[in-house]
Amino acid sequence: MKTRRRSSAPSWNASANGRRVTSRRGVGGGELPGGTLEPAPAEVRRDLEAVLDLWHGIEPDLETVAAVPRSDPRFGAAYDRVEERCGALNDASHRVVSTFDARASRLRRQMLAVLAAVAVATGLVFIVGLWLTRRFVVRPIRHLDVAARCISGGDFSQRLEVNTRDELATLAGTFNDMAEQVERLLGKLDLQRKHAERIVFSVPAGLLDIDSALRIVAVNRSFLESCNCELGTLVDHPAVEVLGVSELEPHLRQVLASDETLSGIFCTVHCPGSGKTMPVKIAVASTGLKGEKKELLVFVEDLSRVEGLAALARVSDERLRRSEASFRALIERSPDSVAVHRHGRFVYVNPAVLAYLGYDHADELVGRPILDVVHWEDREVSATWMRATEDTGGPTPAREERFLRRDGGVVTAEVVALPLVFDGELAVVAVARDVTERRQLVAKMMQMDRMIAIGTLAAGVAHEINNPLAYVVANLDFVAREFPGVTAAARRLAAALTQEHDLIPVDPAVLDSANAPRRLEELHQALDEAREGASRIRNIVRDLKTFSRVEDDQREPVALQRVIESAVNMAWNEIRHRARLVKDYGPVPPVEASESRLGQVFLNLLVNAAQAIPEGRVEHNEIRVVTLTDGAGRALIEVRDTGSGIPPEAVERIFDPFFTTKPVGQGTGLGLSICQTIVQGLGGELTVKSEVGKGTTFQVVLPAAPMNDTEQRPIWAKSPTPAPGRRGNILIVDDEPMIGRALLRILAPDHDVVVVTRGREAVERLERGERYDVILCDLMMPEMTGMDLHAGLSLRFSECAARMVFLTGGVFTPQARDFLDTVPNQRIEKPFSAQSIRALVRELLR
Ligand SMILES: Nc1ncnc2c1ncn2[C@@H]1O[C@H](COP(=O)(O)OP(=O)(O)OP(=O)(O)O)[C@@H](O)[C@H]1O
Ligand SMILES: [Mg+2]
């Protein structure tokens with residue numbers, strides 16, 4: 001517009017009076033049709049300019065000025081003034097005015113066009129606004145309205161779609177959330193309602209729903225089944241008619257009015273559909289909360305069905321009774337002890353309990369406190385267990401308990417207890433399994449373990465004691481042997497001195513020796529006592545060695561009665577002042593054993609039996625020895641006595657080494673443990689039964705010797721025998737010089753004896769050509785052992801190796817044991833007696 005205005009900007013060069021009129025501001029509208037205008041006088045120009053200024057105040061355009069009607073009061077005066085002053089102007093000035101007019105009318109037209117355009121635009125805006133309003137306000141509101149109506153009609157699936165972000169969108173979102181929550185809640189309620197309906201209509205009792213007009217509204221399945229009719233035949237029927245009790249009506253109304261319940265009403269249902277009648281018992285309750293419409297719920301119990309159930313119950317009672325009977329039979333025959341107790345007292349015991357505890361009838365235990373039969377040491381723990389079983393109501397873990405038998409014996413059982421309804425009342429059932437044997441087995445194993453330990457110890461001790469004991473015993477023997485000769489010589493000397501002391505002057509010391517015989521007597525006695533003591537030590541050491549099984553006794557078939565006879569003979573001195581001896585010998589098979597070891601067993605049993613009986617009342621007491629063959633063909637020997645008996649707590653310990661009740665010096669407590677070791681070593685058993693005040697029975701069971709075992713095992717190969725009585729050459733090899741000297745003293749009077757302390761020395765002598773009839777050689781020596789010497793001689797002087805006799809002190813290495821098992825040479829145990837050594841050498845030289 002501006003461009004156009006500039007391009008067409010008039011330059012006022014026409015003027016009245018031939019003068020050019022030029023706009024001060026350079027505005028104008030082209031050349032005037034009247035030709036060139038004279039310049040207007042200054043006042044005109046001023047007025048014109050004022051007009052133009054005015055125009056420009058509105059619209060700085062000459063075209064606009066032209067459009068301004070002349071009648072406009074704002075310009076009227078200016079025009080008038082211009083005209084008045086320019087009246088004298090030439091036509092040109094008129095033309096200017098008319099130009100102004102033309103322009104003004106053009107401007108007016110243009111303004112009108114503008115106004116029309118504005119009107120059209122306003123209309124368009126209105127239409128668009130209207131369209132927008134309908135689209136974004138009215139339509140959502142309408143949707144909201146429709147959705148609200150749907151929800152109020154029960155359709156909760158309606159949701160509003162909103163694409164804007166204004167308040168309407170917020171409103172729609174809230175609406176959708178609300179609809180969703182209501183839908184969820186109603187869904188839940190519906191589920192609960194259906195669940196309640198299912199429960200109500202599936203209960204085994206019949207149910208009738210009755211409205212306030214006392215007409216049936218609904219009926220459950222159980223009632224329909226009982227009546228055998230369809231729902232349709234009952235709905236809308238008067239309830240009183242169906243229930244068959246007209247007097248019921250006022251009561252039903254009262255329940256409706258008061259919310260009370262009625263129960264225990266007996267009536268007969270008449271089903272209109274099926275015509276069936278049945279005896280029933282009903283209860284009535286009202287439904288509905290305060291202010292709600294009330295209905296009645298009638299619970300119907302079909303009595304004909306109850307009778308059927310009663311019959312069924314009778315049948316199951318019978319079954320229960322029978323199953324209880326079989327359960328009892330099962331318990332009665334159970335090998336385990338089963339006892340039922342209530343409040344700590346027996347209410348039932350099975351026969352196994354009676355046998356286990358030694359009772360004859362259940363009455364002897366039923367009613368008694370259960371703790372009466374529990375070992376007194378276990379009573380506290382047992383009471384705690386019983387309480388725990390009753391309190392926890394669960395089974396207790398298995399535990400071991402000791403029980404007292406009627407005869408005073410103690411038995412051990414593994415017990416499990418659990419609560420149980422017995423004869424209709426809660427009780428505790430305890431099942432006990434006898435583990436006495438198992439316990440005994442464990443005790444035996446422990447004892448064996450102890451024995452092995454003692455055996456190891458004993459072997460070492462024996463070896464250490466045996467060497468000094470060997471020369472103590474040998475020397476004592478030697479002294480005792482020599483003593484009578486020395487005593488006789490002393491006597492002779494004393495007599496000679498007594499006769500001659502008048503003739504020759506006698507030294508007072510010599511005269512004093514006149515008392516020598518009496519003192520020698522005392523010495524002799526002391527010597528005897530020392531020998532006795534040494535002998536006892538030797539026996540103990542020998543007994544100890546039994547544990548270490550170092551003895552390699554030769555086994556052979558042994559006739560038991562002969563062994564028992566010799567044991568009886570040895571023990572007779574102990575027995576005869578105390579009891580009668582009864583020999584009850586039945587046939588018994590020979591057993592394979594070492595006669596001396598077996599003799600040791602019976603001797604100890606007989607001495608024990610005798611020592612259990614006080615001296616003096618021989619006629620009132622008895623020691624009985626019984627032999628017989630048991631069912632398995634084994635030899636069975638019993639030593640019975642009527643002595644003091646052994647208390648139960650001691651019975652467990654009598655086989656322990658060193659357990660004794662005898663005074664110091666009388667018993668070592670090794671006897672029975674040695675017996676057991678020997679018997680078990682022979683594959684047998686040694687057992688005891690005892691009753692305090694009545695007596696004791698020891699039983700030995702031994703396997704019979706194999707029938708064809710008649711051949712004797714080679715004992716010792718005999719060395720070449722020198723002529724009887726011949727004085728022999730004896731070589732003694734022992735690293736213990738005192739043993740060598742003791743042997744020298746024993747053998748030197750009858751033989752030529754050489755003593756060396758090292759094996760190498762012996763070899764050197766043999767190498768020098770010395771020859772010996774007997775070589776007494778220690779088995780275990782440092783440097784060269786007896787075994788090494790034997791091996792060396794076997795290669796070069798085999799006849800000398802065969803003449804070796806081994807002296808053994810007690811400890812056998814596996815190598816030494818193997819060696820002794822394989823060589824045929826004689827052996828002799830330390831400590832040895834002088835007599836046994838002389839006898840052996842004499843035997844070998846024969
Ligand atoms: N027949 C029995 N009657 C009563 N008690 C016995 C009988 N036999 C053994 N005893 C008991 O067993 C204990 C052990 O016996 P054991 O033979 O082992 O040793 P001891 O006789 O005491 O001593 P030792 O036999 O070593 O001289 C005895 O002290 C005694 O209390
Ligand atoms: Mg004994």
Side-chain angles (χ1 to χ4, degrees), residues 408-409 440 443-444 446-448 450-451 454-455 457-458 461-462 532-533 535-548 564 567-568 570-582 584 596-618 620-626 637-681 685-700:
Q440 283 170 352
K444 266 187 197 160
M446 284 167 68
Q447 196 201 3
M448 274 173 67
R450 280 200 298 275
M451 302 284 264
I454 286 181
L457 182 75
V461 170
E532 155 70 17
S535 163
R536 272 177 63 182
I537 294 171
R538 186 180 57 192
N539 289 345
I540 291 172
V541 173
R542 186 201 59 204
D543 286 349
L544 275 175
K545 282 201 297 186
T546 310
F547 293 115
S548 59
I564 294 169
V568 165
M570 289 170 80
W572 182 238
N573 205 32
E574 290 283 333
I575 297 170
R576 66 196 175 105
H577 302 295
R578 296 172 158 99
R580 285 173 289 116
L581 182 76
V582 179
D584 187 354
S596 61
R597 287 280 157 255
L598 216 47
Q600 197 180 347
V601 172
F602 297 124
L603 176 63
N604 191 49
L605 294 182
L606 286 165
V607 170
N608 279 353
Q611 290 179 348
I613 300 168
E615 281 186 35
R617 303 179 68 213
V618 177
H620 293 93
N621 287 300
E622 179 182 287
I623 293 175
R624 179 178 286 262
V625 185
V626 182
I637 308 98
E638 280 186 354
V639 179
R640 303 179 193 162
D641 66 62
T642 54
S644 57
I646 309 169
E649 60 274 15
V651 167
E652 290 171 12
R653 304 183 54 203
I654 55 171
F655 295 106
D656 283 355
F658 304 109
F659 174 80
T660 182
T661 56
K662 293 173 189 169
V664 180
Q666 206 185 63
T668 59
L670 286 174
L672 283 177
S673 45
I674 288 169
C675 291
Q676 196 174 51
T677 306
I678 293 171
V679 172
Q680 284 174 351
E685 280 171 34
L686 172 62
T687 52
V688 64
K689 276 187 207 150
S690 186
E691 204 173 322
V692 177
K694 288 199 170 171
T696 306
T697 299
F698 280 92
Q699 190 180 69
V700 180

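Note that the coordinates shown come from a computational prediction; the quantities given were computed from them, not determined experimentally. Both counts, for ligands and for their atoms, begin at 1 and track the order of listing.
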Cys675 SG to Ile654 CD1 distance, which is reported to the nearest 0.5 Å: 10.5 Å

Can you tell me how far apart CZ (Arg578) and CD1 (Ile613) are? Round to the nearest 0.5 Å. 8.0 Å

Under 4.0 Å to a heavy atom of Thr660 - the qualifying atoms of ligand 1, by number: 20 (P), 22 (O), 29 (O)

Atom 27 (O) of ligand 1 has as its nearest protein heavy atom Gly667 CA, 3.3 Å

As an exercise, identify every atom of ligand 1 less than 4.0 angstrom from a heavy atom of Ala609. 1 (N)

Numbered atoms and elements of ligand 1 in range of Ala612, under 4.0 angstrom, heavy atoms: 2 (C), 3 (N), 4 (C)

Decide whether an N or O pair under 3.5 Å exists between Leu670 and ligand 1. yes

Any atoms of ligand 1 less than 4.0 Å from a non-hydrogen atom of Asn604? List them with their elements. 17 (O), 25 (O)

Which residue and atom name correspond to the protein heavy atom nearest atom 19 (O) of ligand 1, and how close is it? Gly669 CA, 3.3 Å

As an exercise, identify every atom of ligand 1 less than 4.0 angstrom from a heavy atom of Thr661. 28 (C), 29 (O), 30 (C), 31 (O)

Could you grab the distance from atom CD of Gln676 to atom CG of Asn604, nearest 0.5 Å is fine? 12.0 Å

What protein heavy atom sits nearest atom 11 (C) of ligand 1, and how far away is it? Ile654 CG2, 4.0 Å

Report the part of Leu605 (side chain from C-beta onward, or backbone N, CA, C, O) that has a heavy atom under 4.0 Å from ligand 1; answer both or neither where that applies. neither

So, 4.0 Å and heavy atoms of Phe655: is ligand 1 close enough to count as a contact? no

Test applied, side-chain contact (heavy atoms from CB on, under 4.5 Å); reference residue, Leu606; option that passes from Asp641, Val601, Ile623: Ile623

Residue, atom and distance of the protein heavy atom nearest atom 26 (O) of ligand 1 read Thr668 OG1, 2.6 Å

Main-chain N/O of Ile646 paired to Ser690 side chain as donor or acceptor, under 3.5 Å: yes

Which residue supplies the protein heavy atom nearest to atom 13 (C) of ligand 1, what is that atom called, and how far is it? Phe659 O, 3.8 Å

Measure the spacing between NE2 of His577 and CG of Asn621 and express it to the nearest 0.5 Å. 14.5 Å

Using the side chain to side chain contact (heavy atoms under 4.5 Å, CB included) rule, take Leu686 and Phe655 through it: C-alpha gap first, then chi angles, then the decisive distance, then the call. CA-CA 10 Å; Leu686 172 62; Phe655 295 106; 3.6 Å; yes

What is the closest protein heavy atom to atom 9 (C) of ligand 1, and at what distance does it sit? Asn608 ND2, 3.6 Å

Mind checking salt bridge (charged side-chain N to carboxylate O under 4.0 Å, His left out) for Lys694 and listing every partner two or more places apart, or none if nothing turns up? Glu691

Is there an N/O/S atom in Gln611 at a distance below 2.8 Å from the Mg ion (ligand 2)? no

Run Gln600 and Ile674 through side chain to side chain contact (heavy atoms under 4.5 Å, CB included) and show every step you take. CA-CA 9 Å; Gln600 197 180 347; Ile674 288 169; 3.6 Å; yes

So if I count the atoms of ligand 1 from 1 in the order they appear, which ones are less than 4.0 Å from some heavy atom of Ile646? 4 (C), 5 (N), 6 (C)

Under the rule for salt bridge (charged side-chain N to carboxylate O under 4.0 Å, His left out), what residues qualify as partners of Glu622, not counting sequence neighbours? Arg580, Arg624

Do any nitrogen or oxygen atoms of Lys662 come within less than 3.5 Å of a nitrogen or oxygen of ligand 1? yes

For atom 16 (P) of ligand 1, which protein heavy atom lies nearest, and how many Å away is it? Leu672 N, 3.6 Å

NZ (Lys662) and CD (Gln611) are apart, to the nearest 0.5 Å, by 4.0 Å

Would you check, one step at a time, whether the test side chain to side chain contact (heavy atoms under 4.5 Å, CB included) holds for Val625 with Asp584? CA-CA 6 Å; Val625 185; Asp584 187 354; over 6 Å; no

For atom 1 (N) of ligand 1, find the nearest protein heavy atom and state the residue, atom name and distance (0.1 Å precision). Asp641 OD2, 2.9 Å

